[in-house]
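Please read the structure below before turning to the comments.
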Amino acid sequence: MRDTDYDVIVAGGGMAGLITAASIAEFSKQNARVLVVDRNSEDEPGKKTSAGWICGDAVSKNSLDFLAKSTGIVYGRPEIEHEVEGVMVYSPDHSTKVLFEGAGYILNRKLLPRRQVEDAKKRGVEFQFGVSLESLIAEDGYVKGVVGRTRNNEVFKKTARVVVDATGSASLLRVRLPIKAKIQREIDRDDMVATGRYIYEFDVAEEDPSCFDPKYALIHLDQYLAPGGYAWTFPKGQNKVNIGLGYQKRALDARNRRFGKSDGLQDLIDEYVAKNRVIRNPRLSSSPDDKGNEKGHWQVPVRRPNDCMVANGYAVVGDAAWMPRPIDAGGIGPAIHGSVILGRTVAEALEAGDVSEAGLWKYNVEFMRSYGYQMASFEVLRRYLQTLPNEDIDFGMRYFLSQEDIGLITHRRHPKFSNLLNPALMVRVMEKPGLARGLKYTVDKSEKLIAHNQNYPETPQKFDEWQKALLKELQETYIKFGLA
Ligand SMILES: Cc1cc2nc3c(=O)[nH]c(=O)nc-3n(C[C@H](O)[C@H](O)[C@H](O)COP(=O)(O)OP(=O)(O)OC[C@H]3O[C@@H](n4cnc5c(N)ncnc54)[C@H](O)[C@@H]3O)c2cc1C
């Protein structure tokens, strides 16, 4: 006899929720009953907001390989729309370009969730579409289910042994978590970026690989056009593009004050598109596969993941767990890794009959050890870079970024800026001593933070002490950068 409606309810059927649900079903030896609840209708799964499946659509081949190896799920066309050989990052003055080699894909985010729903259904996952979740049911210090409303305004209430919160960056469930937990509920406004993008078809005005290149995902750093963030031009074909940018509000406010402007997201994106020398006559994609997804904006968390991602009967994953990488806001890769690890942990916890915080704790440890341990140091680097003017970014990319650093970043590791100690570059260091000191500071801090994260506590008992030390390190950084 089961005492709950389901073993697991996954709240939110987006990138993270759909992979978590499929993974639980894949790893469960006891055929766990899994229900995914999403506010979208069945013919529009994975839609983030009323404006569509807003994303830059880029993911590394490594992440999809990891998914295939762990779960047997292999994506192909049409959900993979285009292939690239790497990411090319341009300095604000375009004089320096840095290639981060490594195959990647540009997805069709509208079509992918349809495929993901099929994958989950094949593994026995059930779906409830058209329900907007509002709160969690709590009993005896455990999360025991979800409450929401259908499109006809009827109350929807279901119980489960575990609720996975995959409702994305605006998660209300996490904010309103009704039990005592170590999970952080609120995010600092400075740790969110506002982002927006178009999917355009266009005529090619001229060849200029610094503006559009079908072989590479281009990133343009520019504190004027994308203050505290970056702008991107990701190819979706020879004359089709996902083009957009993200900014930090604090940095945009400072930029607007400095230039006497009142620009918002739309102004910035339109200016970025207009400055592109390759794109002439841009028009919203005419493909039926992009219908309802041609233009939109949303937000991405860019801090380290939540310091703790589990509570009694509850776990959080994807954007709801603040998983996107702080340095590039890429959230698909971490969502894939997090969802597979969570899927395995939940399946094991159900089998062990322990869905308490301690029973689910392994998810925290495994995610931190395999993926998350670099993220606090990237949070520090991001906060520092956000304070720099374009001239310093130009200078830093030209003189202080070494081949070794590029290799490290390609493997999602923190750069060492070893050029700062290169005697041949001492003159450059003397030219920009503040920048050199700042970068060196982020390197030293990163070493401490990475070591600290690799020591993530094996059990909940040591968590408070671990977190206190982490927050002390971070607080020092924010004071140093004048951000506290
Ligand atoms: C403009 C932009 C560009 C980006 N570019 C990239 C990129 O190029 N590469 C990359 O790796 N990442 C990128 N990201 C980040 C990436 O899109 C996200 O990290 C990823 O989609 C997170 O997946 P998720 O499942 O956690 O959340 P989401 O994709 O937001 O899915 C959440 C799901 O939960 C459902 N939901 C939400 N609230 C409720 C509720 N109350 N009740 C029921 N259902 C609910 C939604 O309907 C949705 O289906 C970008 C993000 C943006 C905004």
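Numbering of residues begins at 1 and proceeds along the displayed sequence. Start at 1 and go down the list; that is how both ligands and their atoms are numbered.
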Looking only at side-chain N and O atoms, does [Y] offer a donor or acceptor that is under 3.5 Å from a partner on [X]?
{"X": "Asp270", "Y": "Tyr198", "answer": "yes"}
{"X": "Asp289", "Y": "Asn108", "answer": "no"}
{"X": "Asn312", "Y": "Ser356", "answer": "no"}

Where the closest heavy atom to [atom] is concerned, which of [options] has it?
{"atom": "atom 38 (N) of ligand 1", "options": "Arg39, Met15, Glu44", "value": "Arg39"}
{"atom": "atom 9 (N) of ligand 1", "options": "Ala58, Ala170, Ser169", "value": "Ala58"}
{"atom": "atom 12 (N) of ligand 1", "options": "Ser132, Ser339, Gly331, Gly244", "value": "Gly331"}
{"atom": "atom 25 (O) of ligand 1", "options": "Gly13, Gly333, Ala16, Gly130", "value": "Ala16"}
{"atom": "atom 16 (C) of ligand 1", "options": "Arg325, His297, Lys48, Lys47", "value": "Lys48"}

Task: Cation over ring face, Arg161 and Tyr6, 6.0 Å, 45° - done: no

Open item on the list: Cation-pi check for Tyr200 against Arg283: NZ or CZ below 6.0 Å from the six-membered ring centre and within 45 degrees of the axis, yes or no?
Closed with: no

Open item on the list: Please classify the Pro334 to ligand 1 contact at 4.0 Å (heavy-atom distances, strictly less than): side chain, backbone, both or neither.
Closed with: neither

TODO: Have a look at ligand 1 and work out which part of Pro45, if any, has a heavy atom under 4.0 Å from it: side chain, backbone, both or neither.
DONE: neither

If the contact criterion is a heavy-atom separation under 4.0 Å, does [X] count as touching ligand 1?
{"X": "Trp53", "answer": "no"}
{"X": "Glu134", "answer": "no"}
{"X": "Val131", "answer": "yes"}
{"X": "Val300", "answer": "yes"}
{"X": "Val59", "answer": "no"}

Give yes or no for whether the N/O distance cutoff of 3.5 Å, strictly under, is met between [X] and ligand 1.
{"X": "Thr195", "answer": "no"}
{"X": "Gly56", "answer": "yes"}
{"X": "Ile332", "answer": "yes"}

Task: Pairwise distance OG(Ser339) to CE(Met15) - rounded to 0.5 angstrom - done: 9.0 Å

